[in-house]
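Worksheet for the structure shown next.
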Amino acid sequence: MGVELNSSAESSAELDTHPSFWSQVQQRLQLRSADAVRRSNADLDPVPPHRRTWHTYNYVMYWISDNFSPSGFRNAASLMQVGLSWRDSLICVIIAQFITGIVIVLNGVVGSRYHINFSVQARASFGYYFSYLMITMRMVVGIFWYGINAYTGGECVRSIIFAIWPSFRHVKNTLPASAHIDTQLMTAYVIYFLIVLPIHWIPMHRLKWLFVIKSITTPIVGFAIMGWVIHTVGVSHTSLWTQKTTLHGSTLAWTFLNGLYANIGSWSTLAVNVPDFTRYAANDKAAFVTALVLPATGALVTFFGVVVAAGSDILYGTIFWDPLLLIDQWTSRGGRAAAFFCAFFFLISQIGVNIAANSVSAANDLNCLFPRYVNIRRGQLIVAVLGSWALTPWNILQSSPAFISFMAGYAIWLGPIAGILLSDFYFVHKQKYDVWELYNNNGIYRYNKWGTNWRAFVAFFIGWVPLLPGFIPTVNSSTKVVAGVSHLYDLGYFYGCGSAMLSYYLLCRFWPANETMLDRAVLPDSDVLHAQNAALMDEGIDVALGNTVVEVKREKN
C-alpha cells in the first residue's frame with residue numbers, strides 16, 4: 001500500500017513538472033519585462049532618460065510631416081462641396097488647427113514632465129479601472145484612423161505602379177461595385193500592407209529620422225506640384241478662384257461651425273493621446289512649438305490642395321482634390337518619372353503619419369489593457385491587421401459627406417475626455433501627480449473599490465449626452481431633429497470639452513478627493529535623482545538636478 005502511495009505521489013510530481021499546452025503558450029507569449037504586481041511592462045513604464053531623445057526640432061519635423069500628406073491636401077474639399085468658398089474653407093482649417101494645437105500643447109505637458117503615456121495619465125482623473133473605458137474608446141478611434149490612412153497608402157502604391165507599369169491601368173476589375181474598391185486598388189493595398197508591416201517593429205524613440213525625411217521631401221513635392229500647376233495653366237482663369245460661398249446668414253454660420261467641428265474632430269485623437277509622443281521629450285518645453293507649427297503647416301498644405309484642384313479643373317475638366325489622382329494623369333515618359341517620385345515620397349509620408357499618429361497610439365492602449373502579453377511592437381501588428389482589414393476603410397471613404405460625419409462624430413466623446421484631463425491636471429491637482437501611484441491598482445488614484453472617480457463619470461456624461469441627439473442624424477439620415485439640437489451638435493467639441501472641464505472642476509472643488517492631493521509632484525526620476533545626489537555629494541561631486549536629467553560635473557583640482 002505504501003508503495004502504491006509513493007507511486008501515486010511520483011506520478012503527481014511528474015504531472016506537475018509538465019505544464020499543459022495552454023500554460024506553455026501563455027509562458028511563451030508573456031513579456032519578459034511584464035510586472036504582475038504593477039500590471040506594467042517596459043513600454044508602459046515611464047520612459048527612461050536614455051530614450052528621451054526628442055527635441056524641439058524633432059517635434060517641428062513631426063508636425064510638418066504629419067500635415068504634409070495626401071490627406072492634408074484634401075482638407076478643403078469637403079468644406080467646399082457643402083457650399084463654402086476656398087477662402088472660408090482655408091480660414092476654417094486654420095482656426096481648427098490653432099485650437100487643437102493649443103489643446104495638444106497643454107495636454108502634452110503631462111507626457112513631457114512625467115514621461116507617461118495617455119493610458120497611464122487617464123488613471124489620475126478617471127480612476128484606475130474607469131480609465132480603461134476611455135482607453136478603449138480612444139483605441140477604437142486610432143484603429144479607425146489607421147485603416148483610413150492605410151487606404152491612402154494603398155493609393156500611393158497604386159500611383160507608383162501606374163508610373164512604372166502603365167499597363168496596370170488596364171487591369172480588369174473583378175470586384176463587384178458593392179465592394180467600393182476595384183482590383184487595381186486592392187492589389188496596391190495589399191502591397192502597401194506588406195511594405196509597412198515590418199516598419200512597425202522600429203521603436204518610437206528611433207523614428208525621428210523618418211520624420212526628418214518626410215519634413216524635407218513632402219513639402220518639396222507639394223511645392224513642385226503647385227508650381228507645375230501654376231506654370232502649366234495659371235490660376236487666374238478658373239472659376240474655382242472666383243467661387244463665392246453659396247450660403248448666407250445663419251446657414252453659413254452653422255455650416256462654418258460644423259466644418260470647424262469636423263476639422264477639430266480629425267485632430268481630437270491627438271489632443272487626447274499626445275502624451276504618447278511627448279513622453280519621449282528631452283525637456284518640458286520641447287513640444288510647445290506645436291501651437292505654431294500645426295496651424296501654419298495646415299494652412300499651407302490646404303492652399304496647395306486648392307491650387308491643385310483649380311488646375312485640374314482647367315486641364316481635365318474634373319476637380320482633383322487628391323494630388324495622387326492628379327499625378328496619375330502624367331502619362332508621358334518624363335511625367336511618369338515625376339509621378340513616381342511624388343507618389344514615393346507621399347508613400348513615405350503616409351507610412352510615417354499612420355505609424356506615429358495611429359499605430360503607436362492604439363498600440364499603447366492595447367499595451368495598457370494587456371500588459372502581460374502586449375507591448376508596443378505587438379500592439380502595432382494587431383492594430384495593423386484590425387485597421388487594414390477588419391475596418392474596410394474603403395467603405396468609410398466612399399463619399400465626402402460620410403467622411404465629414406465620420407470625422408465629426410467621434411469627437412463628442414473625445415472632447416469631454418480632453419476637457420477632464422486638462423481640468424484635472426491644471427486646476428484640480430495643480431500639475432502634481434505621484435507617478436508611481438498611477439501604477440498601483442490599490443493606490444490613491446483608485447478612488448473607490450470600483451476604481452472609478454465618480455466626478456469624472458458625471459462630467460463625462462454631461463459632456464456628451466446632450467450631443468447624442470444631434471449625432472444620430474449623421475448616422476441615420478432618415479432621423480429628423482429640431483434645429484436647436486443640430487446647432488448644439490455643430491458646437492460639439494466646444495460644448496463637450498468646455499462643459500466636461502467646468503463640471504469636473506466644480507465637482508472636485510465641492511467634493512474633493514483629498515487622498516490624491518499632493519504637496520509636491522513625484523516625478524519618475526525623483527527617487528533616483530535624490531539617491532544619486534546624496535551619493536555623489538558624499539564623494540565631493542557637484543550635482544545639478546533638472547526635471548528629468550542629472551548632470552554630473554567633477555570639481556577641477
Side-chain angles (χ1 to χ4, degrees), residues 74-84 88-89 92 96 100 133-134 136-145 147-148 151 177-181 245-269 271-272 387 390-420 457-500 503:
R74 305 171 188 148
N75 282 340
S78 298
L79 298 175
M80 295 182 70
Q81 290 187 8
V82 296
L84 297 182
D88 290 340
S89 300
C92 185
T100 51
L133 176 60
M134 308 298 114
T136 301
M137 292 174 62
R138 206 232 68 84
M139 178 187 68
V140 170
V141 172
I143 294 174
F144 263 68
W145 271 116
I148 291 170
Y151 180 90
S178 60
H180 299 129
I181 188 172
T245 297
T246 58
L247 307 173
H248 304 281
S250 61
T251 303
L252 170 60
W254 288 111
T255 302
F256 185 91
L257 286 173
N258 182 264
L260 187 66
Y261 178 36
N263 276 276
I264 290 176
S266 65
W267 290 94
S268 59
T269 51
V272 167
L391 178 65
T392 63
W394 44 87
N395 290 316
I396 294 177
L397 295 173
Q398 61 180 309
S399 67
S400 175
F403 187 55
I404 277 191
S405 299
F406 171 73
M407 284 197 303
Y410 63 78
I412 70 171
W413 292 284
L414 294 179
I417 293 175
I420 292 171
F457 181 88
V458 173
F460 179 64
F461 276 80
I462 290 175
W464 72 265
V465 170
L467 300 175
L468 188 60
F471 171 68
I472 293 175
T474 67
V475 179
N476 184 359
S477 58
S478 63
T479 304
K480 304 298 181 183
V481 295
V482 298
V485 172
S486 297
H487 294 337
L488 179 61
Y489 177 73
D490 292 336
L491 294 171
Y493 193 84
F494 302 102
Y495 168 81
C497 184
S499 63
S503 58

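The two residues Ser486 and Val481 come nearest to each other via the heavy atoms OG-CG2, 3.4 Å. Closest heavy-atom contact between Leu467 and Gly492: CD1-O, 3.5 Å. For the residue pair Pro416 and Gly463, the shortest heavy atom distance occurs at CG-C, 3.6 Å. Pairing each heavy atom of Val485 with each of Gly470, the nearest pair is CG1-N, 3.4 Å. Minimum interatomic distance between Gly259 and Leu79 (heavy atoms only, all atoms of both residues): CA-CD2, 3.4 Å. Contact detail for Val272 and Leu414: the closest heavy-atom pair is CG2-O, 3.6 Å.
Thr255 and Asn258 share no donor-acceptor pair across their side chains, judged by distance under 3.5 Å alone. Between the side chains of Trp145 and Tyr410, a donor-acceptor pair is found at a separation under 3.5 Å.
Counting heavy atoms from C-beta outward, Trp254 and Leu491 have side chains that approach closer than 4.5 Å. With a 4.5 Å cut-off on side-chain heavy atoms, Trp267 and Tyr493 do not count as touching. At least one side-chain heavy atom of Phe460 sits under 4.5 Å from a side-chain heavy atom of Met134. Looking at heavy atoms from C-beta onward, Arg138 lies out of side-chain contact with Ile417 at the 4.5 angstrom threshold. Counting heavy atoms from C-beta outward, Leu252 and Leu84 have side chains that approach closer than 4.5 Å. Using a 4.5 Å heavy-atom threshold, the side chains of Pro466 and Leu488 count as touching.
The ring pair (Phe, Tyr, Trp, His ring centres under 6.0 Å) check on Phe461 picks up Phe457, Trp464, with sequence neighbours excluded.
Here the NE2 atom belonging to His180 is positioned 12.0 Å from the CH2 atom belonging to Trp394, to the nearest 0.5 angstrom. With rounding to the nearest 0.5 angstrom, the CG atom of Asn75 is 12.5 Å from the CE atom of Met80. For the atom pair Ser499 OG and Ile420 CD1, the distance stands at 9.0 Å (nearest 0.5 Å). Interatomic distance, CG of Asp490 versus CG of Leu257, reported as 6.5 Å (0.5 Å rounding). To the nearest 0.5 Å, atom CD1 of residue Ile148 and atom CG of residue Leu391 are 6.5 Å apart. Note that the OH atom of Tyr261 and the SG atom of Cys92 stand 13.5 Å from one another [nearest 0.5 Å].
Ring orientation note: the planes of Tyr489 and Phe471 are tilted relative to one another, at an angle of 30° to 60°.
Of the possible donor and acceptor atoms, one in the side chain of Thr100 sits under 3.5 Å from a partner among the backbone N and O of Ala96.
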